[in-house]
2 protein chains.
Amino acid sequence: MLSVTFSNKQQWEKRLSTIREVADMAGVSVATVSRTLQQPDRVSPKTRVRVQEAIDHLGYKPNLMAVKFRSGKTQVLVALVPTVANVFFARVIKGMQEAAASQGYSLLLMNTMGDDDIERNCAKLVDTSQADGVIQLRAFNPFATDQFQSEALLPMVNACEIVDGARFPTVTLDNRAAAKAMTEHLISLGHRRIAMVKGPQSSPLTRDRLAGYEDALKAAGLSIDDSLLCAGDFTLSSGYRAATTLLDLPERPTAIFCENDEMAMGAMRKVRETGLCIPEDISIAGFDNIAFSAYAEPPLTTIAQPAEEFGETAVNLLIDVLNGKTKHAIKVILPFEVITRQSTGPAPDNANR
Amino acid sequence: MLSVTFSNKQQWEKRLSTIREVADMAGVSVATVSRTLQQPDRVSPKTRVRVQEAIDHLGYKPNLMAVKFRSGKTQVLVALVPTVANVFFARVIKGMQEAAASQGYSLLLMNTMGDDDIERNCAKLVDTSQADGVIQLRAFNPFATDQFQSEALLPMVNACEIVDGARFPTVTLDNRAAAKAMTEHLISLGHRRIAMVKGPQSSPLTRDRLAGYEDALKAAGLSIDDSLLCAGDFTLSSGYRAATTLLDLPERPTAIFCENDEMAMGAMRKVRETGLCIPEDISIAGFDNIAFSAYAEPPLTTIAQPAEEFGETAVNLLIDVLNGKTKHAIKVILPFEVITRQSTGPAPDNANR
DNA sequence: TACTCAAATGTAATCCGTTACATTTTTACA
DNA sequence: TGTAAAAATGTAACGGATTACATTTGAGTA
């Protein structure tokens, strides 16, 4: 690590002028200055000009910290994101950020790594008047107490992975139906041995997607083989590992449905390394439709989720809650779409018994 | 968009108790309460207990907005990120977030889309006492005025893509040397027609990487062929488009060096669609070493950048500046590494003239 | 010119902790 | 027991903007 230094005299001594200095310079009271800024029509034109000149001259900028302190509104929303460095969440963040900005709110982004304590701590920002509300992207209520498990004690909305029976607004999609649709797609291609690479044990997402997978198998009269269920954690490497296990099975699956695209791409890597072809020998499907999926080899069949819309909707709901517009625990369900690409194809002949 | 509602009585009437209420209940002065919280040893044990009981009973939480307002320190850092939904930046954000949190700062994340005006507006957060400093991930000084172009008028550091001749701390890597190293790698494999897919025209990153590419070609006595230089914008699709152009050339390149991994993956997709093999027919190299690169088909040769460290270093530098520790415009240069994988290989025989 | 009413402006309280300084209580030792 | 010093606690100013309420200015009218 090299380092070069320049000489520099950074003496920004934070000499911000106050409303009082403006008032003095303009020869008016602070109230008049404030009014000039807030309700110009309540100030006579001559005075207005004089005040404006003083403001320009001093380069006065109102101390918004003081404003927020006095008003009790921070115009800040906290986003609890399990992993910022995750492609899907990055899109959700984008949606949140834009929606917040367009309504004059700032987004305080927290990379919580899915840790309960960290999230509880972040939620305290609201307790301590540093933020107006919380957006939680994980199925955990950071405000939960012994008495109130599914109820938010402070303004909060929950998006993407939601808490069961939540008593606060939520935004999600029907993961069960989506997983069922994808599994049906695979079944329709003749697959009978369909593996699933799951997400973290504790995640409701995993439970719902698994349920959808089972729904489809049952509906098709297929049995559920536990050896085809593999644990993962939504990372590329866990997909790779899961595929390693699955390909080693005495009777290997002809299709692998991964609960997200990263794991699917990890699995694809392993499959190709083994010398098998996708989809001729084995089909692979993912979930999320991240940008890379369309460029994978072969392009990945997956479920598209409106990620940005998740963020946008969550922010709008939260602001509604803050403004007292949303009084109920609304549950918004966004649509999904099965995106069929080349990573899924007809089951190999010898697999049709 | 379905929506279901639950009945709910969310009446969090924001009735936060104040230090004065605690003082009254404990029968002490506000100063004593404050001391109980700040310097417990300056309060007698009995009083301390009494105050603590009052605090617990009332559920008192200090209004940190008031604290920040009075102290003039917000403990908030603003991060100006061109695209949050970018794999590389997501890693940088992770680094910033963790470093900030560990020092008691919050990160206000701004998705600026590389827009000068948006960035200038965000920088105003510091002007208006809503944040203590700014971290800029793009080569643009949001505080620039006619007189001060390369000098920050308020606390700021610049990371990743840095402003030329900046008079504020910067964190970067030697993009020119890195691009030269990668180009040399390709030359050493026998490649003579090496294309480059550039980033946005205006980006210093592009200029430096291009310079490194030219350095290597010149050093090897190779001429620079403008038809092998292709514009891109760091997205998957622009890589795809660039490859389309390059493969259509009468004498097509035997290697394509992309200025980031996303474009490289876009290019790879196009190459494979054309029926060519990587690296037998054409080698592909990227820049950034995002997680997906190792799982690409074939795994991508690229330049590893310590993304998280960029964020971490930037935050630490900024906090130093805020504490008056760093008085100079330090320039930190982080190391890079050429990661050789299977997307680059010997140039095809018929290409060696 | 006197008087009314509206418009313009000013005064001062308020938001909630922190902390310098003042005052009271306790401790310790002669 | 007296007194100095230390410990504990209290008082009140402060930070910057907003705003209810009070006061002044000015216009309009009889």
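Just so it is clear: chains get the letters A, B, ... in the order the sequence lines come, proteins before strands, and each one is counted from 1. The model shown is predicted, which means the values in this text are computed figures rather than measured ones.
Across all strands shown, Thr32(B) has heavy atoms under 4.0 Å from sugar-phosphate atoms exclusively, and none from any base. In this structure, Val33(B) reaches neither bases nor backbone, as no heavy-atom distance under 4.0 Å exists between it and the strands shown. Nucleic acid contact for Ser34(A): base, since at least one base atom lies under 4.0 Å from a heavy atom of the residue.
In this structure, Gln38(B) does not reach the dT19(C) phosphate: none of its side-chain N or O atoms is under 4.0 Å from OP1 or OP2. A close approach under 4.0 Å does occur between a side-chain nitrogen or oxygen of Ser44(A) and OP1 or OP2 of dT9(C). Contact annotation: Ser71(B) does not reach the phosphate of dT18(C) (side-chain N/O to OP1 or OP2, under 4.0 Å).
Per the geometry, CZ belonging to Arg70(A) stands 10 Å off C1' belonging to dA20(D), to the nearest Å. Put simply, CG on Asp41(A) is 12 Å from C1' on dA7(C), counting in whole angstrom units. Gln39(A) has its CD atom 15 Å from the P atom of dG10(C), to the nearest Å. Taking atom CE of Met65(A) as the reference point, atom C1' of dT18(D) lies 17 Å away to the nearest angstrom. At whole-Å resolution of the value, CG in Asp127(B) and P in dG16(D) are 15 Å apart. One interatomic measurement links the two molecules: CG of Leu16(B) to P of dC15(C), which rounds to 14 Å at whole-angstrom precision. Spacing between atom CG of Leu58(A) and atom P of dA17(D) amounts to 12 Å, rounded to whole angstrom units. Note: CZ (Arg20(A)) to P (dG10(C)) measures 14 Å, nearest angstrom.
A residue-by-residue look at Leu64(A) and Lys46(B) shows that Lys46(B) has its nearest nucleotide of DNA chain D further toward the 5' end. When each of Phe69(B) and Ala31(B) is assigned the nucleotide of DNA chain D with its nearest heavy atom, Ala31(B) is the one assigned upstream, toward the 5' end.
Tyr105(B) places a side-chain heavy atom less than 4.5 Å from the side chain of Ile319(B).
Here the side chain of Lys68(A) pairs a donor or acceptor atom with the backbone of Thr74(A) at under 3.5 angstrom. Side-chain atoms of Asp132(A) come within 3.5 Å of backbone N or O of Gln75(A) as a donor-acceptor pair. Glu53(B) places no side-chain N or O within 3.5 Å of a backbone atom of His57(B) that could act as its donor or acceptor partner.
Nearest to the side chain of Val67(B), among dG10(C), dG17(C), dG16(D), sits dG17(C). Comparing dA17(D), dA8(D), dG10(D) by their nearest atom to the side chain of Val28(B) picks out dG10(D). Across dT18(C), dA8(D), dA12(C), the shortest atom-to-atom separation from the side chain of Thr47(B) is found for dA8(D).
For Arg42(A) against dA7(C), no side-chain N or O and base N or O form a donor-acceptor pair under 3.5 Å. Side chain Arg35(A) to base dG10(C): a donor-acceptor pair is found below 3.5 Å.
The side-chain hydrogen bond (donor to acceptor under 3.5 Å, both in side chains) with Glu308(B) is formed by just one residue from the set Gln97(B), Lys94(B), Arg91(B); it is Arg91(B).
Phe310(A) and Phe88(A) have perpendicular rings, their planes meeting at more than 60° on a 0 to 90° scale where under 30° would count as parallel.
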